[in-house]
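One structure is given here, and the rest of the page talks about it.
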Amino acid sequence: MTEGELIRIGVLGPLDIRVGGRPVAAGGRQQQAVLAMLVAAHGQVVPVDRIVEQLWDGTPPPRPRVSLQAYISRLRRVLEPRRAPRGTARVLVSEGIGYALRLPDEAVDAWAFERDLRRVQELRPMGRSAGAAEVALGILRATMDRWRGEPYEPFADEPWAQPAIARLAESRRSAQERITASLLVLGRTGEAVQAAQSLTEADRWRGQAWRLLAVALWAAHRSAEALDALRRHRRNLAEDLGLEPEPALAALEQAILEQRHETLAEELTFGVPAAPAPDPATDRTPPADFEVRPAQLPRSPATFSARQDQLAELTRLLDEADGPPLIVVSGAGGVGKTTLVVRWAHQVAGRFPDGQLYADLRGFSPEDAPAAPADVLFGFLLALGVPEHRVPPGESERTALFRSVLAGRRMLLVLDNARDSEQVRPLLPGTDGCAVIVTSRSRLGGLVVTDGAATTHLDGFQAEEARTYLRGRLGDTVADADPQARDAIVARCGGLPLALAVVCARAAGMSLTGVAAELAEEEGLDAFAVAGLEHDLRAVFSWSYRRLPEDAAALFRRLALHPGPDVSLPAAVSVTGAGRPRTRALLRLLRDAHLLDERRPSRFTYHDLVGGYAAEMAHRHDTPADRDAVLRRLVEHHLHSAAGAIGLLANPRPDRVGPVPERIEPETFADREAALTWMAGEYDNVLAVAEECHESWGDGYLGPLVWTLAPYQQDLRFLAEDSFTLARRALKVAERDGDQWWVGFLNYILARGYLRLGRYEQARPYLERTIAVGRATGDTLRLAHGLLATAVSHIGINQVPSREDTLAAYPYALEAREHYRRIAHRNEARVEEANCLLAIAWYHFYQPGGQAETLRMLERSLAVQRDLSDARGTADVLLHLGRFRQATGDPAGAAADFTRALQLYQDMPDLRMEPLICLYSLYLATGDRAAAAPIRAELTGMVKTARYPDVNRLQALLAGASE
């Protein structure tokens with residue numbers, strides 16, 4: 001490419017493209033976005049799939065690759081106008097599975113800016129020389145001129161652009177800080193003070209900006225103002241965020257107070273020059289034999305509240321330690337581990353007269369590299385008075401020296417934000433007199449196993465603790481002005497102190513009522529983003545996420561797609577397809593990192609805010625097809641598990657669910673009790689995954705879900721409304737697809753549910769459609785079911801029917817029995833034929849001399865149910881027998897039948913209501929108040945909790961009996 005065709009691309013502001021010195025148009029917004037994505041990748045290949053996903057935000061047009069190729073072709077014509085139409089592209093190239101931009105750094109303003117910063121970093125070994133500072137200042141000021149506005153300005157709201165924007169914004173701040181540091185090295189303190197003041201005004205929470213301002217003021221002989229600057233910074237952090245300044249700033253403040261003039265240059269890019277030369281008359285440099293007593297604990301915020309039980313627990317662990325005290329405090333990011341431990345360390349500092357050491361191990365922080373133990377030991381040894389030249393180079397030698405120096409001393413070590421046990425172990429003293437407390441997002445099980453660490457887990461605030469926190473930060477008047485808004489905020493924050501701190505920052509300019517209204521409107525973690533706050537909830541969670549192995553990170557993202565209240569280990573196994581041992585190991589890793597909670601054994605859930613972050617990561621890193629595949633596997637797991645459970649709980653039925661897909665591992669059950677327990681525990685999860693079956697991949701599961709769940713929802717529990725919702729959705733799909741078998745079945749299920757609720761008139765239209773489909777398709781079983789259910793709609797369920805009702809039901813019951821007899825080889829047909837006898841029996845009850853026939857038919861029905869070992873069917877017939885005996889003057893026989901039905905319903909609490917009502921009514925009718933009293937007590941206790949469709953009848957019965 002000739003000089004006249006030189007390309008220049010600008011993204012440090014609005015997108016700007018120049019070829020040969022002339023501005024050129026980059027096309028529409030989508031085409032510009034493609035170019036900006038490639039610029040953000042800085043020469044790396046961007047896969048086509050990623051471009052498609054990011055460009056159309058998961059909803060691409062019908063042929064996205066064709067559209068993308070058109071954009072690429074047009075961009076090539078813009079950037080290389082002289083290239084032959086089919087010539088080889090040299091700038092926007094195709095490589096492997098994607099595209100890349102091949103340009104020198106100078107051609108792109110953002111690349112050149114970052115290159116210049118690297119050049120400045122390479123000057124660092126030159127130390128504090130004026131020459132190095134002069135060169136750096138020239139480079140930095142020239143490169144800052146490249147900025148024309150906000151980076152990637154047209155795309156600031158696009159998720160793909162935000163990492164690049166954040167990186168460039170941070171680099172810009174860093175460049176401004178380096179300019180200030182260079183001015184200090186050159187002795188231009190007046191300019192440095194002005195530059196640093198601008199930095200603190202732009203970001204009131206950024207520690208490095210305040211550090212530069214304090215050093216600049218100190219270098220300008222304005223020590224009082226330097227101290228005031230550091231105290232303002234501390235106040236800003238405490239009032240806005242409930243945080244403490246970094247330990248280095250506390251050390252700087254102490255150095256200014258004591259007028260110690262040793263240089264702080266190594267902690268800045270080029271270093272800050274030494275403060276004004278010391279006056280020999282006031283030099284307070286300690287003599288060589290001065291005994292060093294470090295006191296490195298950060299300041300504990302004045303607004304600290306709650307956590308009294310946790311403080312007491314830490315003291316108990318310290319007192320009860322068997323050997324050198326070692327305590328690990330673990331918990332999720334933002335839960336307040338550091339604040340708690342620093343507060344406690346100040347409380348017990350008096351027990352350690354030789355001082356306190358503190359180190360941030362950076363295990364989970366913006367920096368990719370945690371603090372190396374050797375580096376931490378170097379700082380500790382210097383703090384303990386070891387001359388720098390006597391500190392050995394290797395980690396093991398430093399550990400040995402550290403333990404030797406601590407021998408015989410009583411010191412407290414606070415090791416904050418540890419990544420793992422291996423990072424902590426070299427920092428442990430060898431003497432009994434020293435105590436160590438460690439904070440980490442990991443449980444650090446290695447320290448427990450091999451080093452005897454005591455552990456305590458820190459959860460978020462309880463509701464009252466959160467309210468106390470808000471009162472401590474905002475004052476009682478503000479916090480309690482609108483209790484409803486305050487409590488809504490507390491619930492939204494989920495007890496996470498960092499989230500509450502962000503709320504307090506937002507409340508600085510408005511009432512809690514306004515904050516609560518904003519939080520209600522804002523979704524996910526956007527509600528907890530504050531302008532200028534670098535370490536918001538997303539950032540804090542990301543530090544844990546970035547530390548995960550890829551398969552653990554994938555599981556963390558994908559389990560967040562589970563719509564239910566929690567996730568079981570077997571469900572997670574079906575999601576991973578990796579088998580139980582590997583999945584369990586991944587879940588344990590996520591649990592130990594406090595990214596998942598294991599509230600009950602093998603059942604996992606997210607903190608609401610962590611779950612929101614995990615879902616964001618799923619939508620950012622996984623394709624729509626990947627996410628659909630996860631939901632499909634969850635549906636299949638719960639569907640086949642529920643089918644296995646219902647197989648033990650209901651009469652044998654044909655398979656309408658199909659084979660278990662590959663790598664899905666449904667639950668298996670040893671017996672009926674285990675199946676019932678699983679259904680009760682997983683029911684909300686099953687319903688939640690069923691709710692997700694609304695996409696093209698999922699609506700085919702609706703019919704099998706209804707088939708599977710209906711016996712539990714309608715026969716074992718009174719959950720008919722849930723059954724209606726699911727069946728109506730499935731019916732729409734069946735009608736759309738013209739699948740008459742499912743149409744007939746689903747109409748029957750809807751009718752059956754209304755019968756269970758005693759809403760007979762509502763059931764009949766569905767029964768008419770069921771019968772019509774059965775006749776039209778020749779489905780004998782469906783026709784018989786519809787006819788029998790119609791008979792039941794006339795005689796009712798929990799009553800002695802009237803003569804008129806039995807006459808209306810009789811022909812339907814007779815026809816249904818004839819159809820069932822034609823398919824008598826099927827067990828379910830035998831059961832239902834026995835149920836037909838119930839309606840027919842009540843018909844004979846009103847015929848002259850027919851009561852003997854009624855009893856015979858009821859007993860025949862009972863014998864069939866017992867022969868088939870159908871406990872629920874047997875109990876239902878016993879209720880009919882009991883009502884018959886009561887109506888024919890045999891109260892003792894009726895009581896025996898009702899009691900046997902109650903015993904058969906023992907593991908079905910909702911169904912126990914009816915035999916209890918029957919017994920209670922019988923005892924009241926016979927005047928046996930003593931027998932009625934315990935049953936009344938049981939019914940009274942159940943009336944508010946048990947699901948029972950005719951609760952008004954029950955309440956009227958109880959109220960009438962008390963009069």
> Do the ring planes of Y613 and Y545 sit parallel (below 30°), tilted (30 to 60°) or perpendicular (above 60°)?
Replying inline: perpendicular

> Side chains of E150 and E153: does their closest heavy-atom pair fall under 4.5 Å?
Replying inline: yes

>> Within the structure provided, determine whether V610 and F556 are in side-chain contact (heavy-atom separation under 4.5 Å).
In response: yes

>> When you compare the side chains of S174 and R178, does any donor N or O come within less than 3.5 Å of an acceptor on the partner?
In response: yes

>> Please verify the inter-ring angle class for W160 with F155; under 30° counts as parallel, over 60° as perpendicular, anything in between as tilted.
In response: tilted

>> Return the NE2 to CZ distance between H619 and R627, rounded to the nearest 0.5 Å.
In response: 4.0 Å

> Quick one: does H233's side chain get under 4.5 Å of L213's, heavy atoms only?
Replying inline: no

>> Ring-plane angle category for Y469 and F461, please: parallel below 30°, perpendicular beyond 60°, tilted otherwise.
In response: tilted

> With side chains defined as the heavy atoms from C-beta onward, is the minimum distance between L596 and Y606 less than 4.5 Å?
Replying inline: yes

> Considering all heavy atoms of both residues, which atom of R76 and which atom of S94 are nearest to each other, and what is their separation?
Replying inline: NH2-OG, 2.9 Å

>> If we check side-chain contact (heavy atoms from CB on, under 4.5 Å) with L361, which of these qualifies: D416, T439, V376?
In response: V376

> Which atoms form the tightest heavy-atom contact between V414 and V341, and what is the distance?
Replying inline: CG1-CG1, 3.8 Å

> R188: what forms a side chain to side chain donor-acceptor pair (under 3.5 Å) with it, not counting sequence neighbours?
Replying inline: E191

> From E106 CD over to L6 CG, what is the distance, rounded to the nearest 0.5 angstrom?
Replying inline: 8.5 Å

> Once you round to the nearest 0.5 Å, how far does CG of L470 lie from CD1 of I489?
Replying inline: 7.0 Å

>> If you apply the rule salt bridge (charged side-chain N to carboxylate O under 4.0 Å, His left out), what do you find for R119 with D116, and how did you get there?
In response: CA-CA 5 Å; R119 288 175 58 197; D116 291 342; 3.6 Å; yes

> Which value, rounded to the nearest 0.5 Å, describes the distance between H42 atom NE2 and L103 atom CG?
Replying inline: 10.0 Å

